[in-house]
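In what follows, a single structure is set out as structure tokens and then discussed.
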Amino acid sequence: MDDIVIAILRSGTPLVYVALAGVIAQRSGIWHLGLEGLMITGACATIVGTVLTGSVGLSLLIAVLLCALGSILFWFVVEVLKANQIIAGLGLTGLGLGGTSLAIQAIFGSQGAVSAPAGLPKIGAAFGAYGGLSVLVLAMPFVVFLTWVLLCRTRFGLRLAASGEHPFAARSVGANPAMMRLVALVIGGGFCALAGAELAAGSLQIFSQNMTAGRGFMGFAAVIFGAGHPVWATFAALFFAIVGAIGIRAQLVFGDRIPHDLLLGLPYIATVFGIWLSARLRGGARGATGGFGELKDP
Amino acid sequence: MKELPGVVLASRNATVRYGDVVALDDVSISFSGGMIHAVVGQNGAGKTTFARMVSGLVRPAEGSLEINGRSIAGGNVNDARRAGVELVHQSFALPPSFTVAEAMQFGADGGRLYTRAALERRWQAHLDALDVKVSAGAQIRTLTVEQQQAVEIARALVTDASLLILDEPTAVLSPEGAEKLFERIRRLRERGVTIILILHKIREVLAVSDTVSVLRGGRLIDGPLPVADMDAERLASLIIGPSGREFAGDDLEALTGALSPVAGGADKTSAPQSEILSMRDLSTRTDGDGPPLNSVDLAVHAGEIVGVAGVEGNGQRTLVRAISGLADIMDGSLEIDGRDMTRSSLLARRAMGLRVIPFERNVEGLSLTSALWENWSVGQLLGRPLHAAITPKGLRQGCRAALDNWDVRYSTVEQRAGSLSGGNAQKVILSREMDDAARLIVAAQPTRGLDIGATAFVWEAMRDARRRGCGVLFVSSDLDEIFDIADRVVVMLAGKIVGEFRAPFDLASVGSAMTGARA
């Protein structure tokens, strides 16, 4: 039993962080399809940074800064240049996936997997069988709680939500929706970096091309499944992780009797199912954006 | 009564431009404290711009502002709020998913971190103190329009506002709701709050305000003048200006909101003829845009204008969609010119002579990025086979003739519809929809946002259609307008028709039907 919980926490934690980033962005009025790109940037920066500097802490900082930079770029394109945010988000994802491959090629001369000498600190033997989990797993519930407090129990959170839902209302109490979105995206960028770091350095200490494998989009799905609420989105992300763990377990049980591609695809099938379900429950996703990703006129 | 604090707001030579358009032109005015000031003018006169400039949402290009003796650079909401100015918007600035308490909190100072219970207690006390009977835990989207407005006023008063500006607060209210609002405003005046009301009905100005100022074309025409020695006629001429235009019948009074409480029906012509539209017991499915129709019976006869009155959001939009074949009809029947059309497409209905002037001129009525002739031609191309050839040259000629006929001001039929003013854009729609084959014309808020000249033009077009024997269904939330042009008025409330009135119309009884007092 312990090992399946560990597997769920390992695969679920990156999803939770990336889902939180998506929730913050969604509240501020942005459907964030660049999560995948930021996440892989975080993963790459953590591993490559550890290889080059030898310090995990320093490389985590670099990862956060890079993702914040990517978020500022995204904000600039969407808010200042008024680009369609769906397209811009997909562009950011492409930039992250391609950019990390290019960086690996440029630094190491090959596109093979890179392994780092050290990973994230472990939570230690005091936790028994769970001691091998990284500190980011332990921190996850607290981060979720703090995000919830920030979004749902502070005036900042209200102004952020107003910036997404009714920018004119936000403006008429003196808030600046564009700045609120910048703040939201930068915080979210930091979370994406943590998600990538946990994925690459939480247990594996390895970075390979496209290693996020759509987890950023699953995080985005969790935002929709969780109706833009940090706690519900967390549960949605963990639900996807549970389905994934069941898929791996099922491979051991069923062996070759069921094609294992199908079992590996379970989390993605669950994602589609989850979105369908949330659409049924709430009569479709009605967000801050009109039509096809254009920002509402503030 | 508190001591009068002298001049509360003064603007000097304030000019606001949107691109090339001068929305406010060299306005110098000062308002003294502790009074209710009305600012009136036609649509496009610069009233809303003035309100937004004072509250810091728009920055004046030139000129200066002084609030409570403090000089304000303008263009900064926080500065204006610190100086004590709060603006209540025409279509409220409240995020619909918020609870009332959250909507208060997000505009307030202090209490950065909160629990839900503490938040609701805090703001419930505030609401109770202002005698707003709304639960602080209720979601904004569940509130009625009148409640939302009360909440918005309460929100504006969370800081110690000394100057409250209300932008066309009565536009969304029933006459009774407006009376309650005025009562609330008078109580605020007694507490020492200075109030600026942006209004466009003379009757309301005379009823509630202490002074009146008139804007026209972005310029201050006169004011603030004491209302005590002002009469409706003089105010109407200030608002309209020396246009030299002649208005038919009671149009002038209707345009400026100066109709007497019992009015209308002066030019009612012949006896009713055959039914063009008959809806029997019609109900529609809920579709998330206003209440569904609930057993609606409605008839429009040839040569008749039927006004649909009601506070906005009571099913008027669903009614128009049901007639246009765009709503799911669950029950009942709909006939156009005696033929059952309950399940027919909009195309089939148009072939029977249905024409629609939709609510949203710039979204449903016109494609703003298309040329005028393209916008006009869609009416001509309907019902033709898909492979039929189109001759742009002929269409352009037809369009030119139609636009000239309707007195549209345009330079070429190639120009984009978005480049026209509101009134001209509406005339393009009229030229397309009110052709000779029209039998039933559904006009949904056709004069909203138009200036006085264009409004009178639209009314004249409706009367012309009536003379030609068309049936007209005229949806409007402006009772003065409806009383002036309709032969018969039905009132909608929550998806039902709750009252039917014949001329002469009585403002009080129609108004109470709008709020369900007679239900």
Side-chain angles (χ1 to χ4, degrees), chain A residues 23 26-29 145-181 183-184 223 226-232 279-292 294 296-298, chain B residues 51-52 54-58 75-83 85-119 123 139-141 148 151-152 155-156 158-159 161 165 167 286-289 363:
Chain A
V23 165
Q26 191 262 345
R27 291 211 159 213
S28 77
F145 176 73
L146 288 178
T147 307
W148 173 76
V149 169
L150 180 72
L151 294 183
C152 304
R153 288 293 179 272
T154 66
R155 199 150 50 88
F156 171 82
L158 290 176
R159 292 193 169 189
L160 189 73
S163 301
E165 186 176 343
H166 198 324
F168 188 73
R171 285 223 304 143
S172 62
V173 298
N176 181 342
M179 282 303 132
M180 296 302 265
R181 288 193 191 107
V183 173
V223 175
H229 190 279
V231 177
W232 295 122
R280 283 305 298 257
L281 292 178
R282 281 179 286 108
R286 285 240 179 101
T289 51
F292 193 65
E294 286 82 8
K296 271 189 192 166
D297 189 25
Chain B
R52 292 190 172 175
V54 175
S55 62
L57 284 162
V58 201
N76 185 323
V77 178
N78 289 322
D79 282 354
R81 292 186 75 204
R82 267 194 292 277
V85 181
E86 289 283 353
L87 172 62
V88 173
H89 298 278
Q90 185 173 9
S91 53
F92 320 113
L94 300 169
S97 78
F98 281 31
T99 66
V100 172
E102 285 173 338
M104 303 265 164
Q105 176 72 14
F106 98 113
D109 294 324
R112 286 177 175 276
L113 200 65
Y114 56 84
T115 65
R116 183 157 284 200
L119 191 70
W123 295 119
Q139 234 186 7
I140 298 293
R141 65 159 61 90
Q148 282 192 36
V151 168
E152 172 101 359
R155 186 197 66 70
V158 298
T159 54
I165 308 173
D167 187 6
T286 313
D287 57 4
D289 188 11
V363 181

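The chains referred to below are lettered A, B, ... by the order of the sequence lines, with proteins before strands, and numbering in each begins at 1.
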Check your understanding: Are B:V77 and A:R171 close enough that some pair of their side-chain heavy atoms sits under 4.5 Å apart?
Key -> no

Exercise for review: Spell out, as yes or no, whether a donor-acceptor pair under 3.5 Å connects the side chain of B:R81 to the backbone of A:V173.
Suggested key: yes

Identify which part of [X] has an atom lying under 4.5 Å from any heavy atom of chain A, answering side chain, backbone, both or neither.
X      : answer
B:S97  : both
B:R155 : side chain
B:L57  : both
B:T115 : backbone

Minimum heavy-atom distance [X]-[Y], with the two atoms named:
X      : Y      : answer
A:A162 : B:F106 : CB-CE1, 3.4 Å
A:S172 : B:A93  : OG-CB, 3.6 Å
B:Q105 : A:R155 : O-CD, 3.2 Å

Review point. Which one of B:A156, B:P96, B:A103, B:G56 has the most heavy-atom pairs closer than 4.5 Å to chain A?
Key: B:P96

**Study point:** Winner by heavy-atom pair count (cut-off under 4.5 Å) against chain A, out of B:T159, B:L87, B:L119, B:L94
**Key:** B:L94

**Study point:** A:H166 and B:F98 aromatic centres sub-6.0 Å
**Key:** no

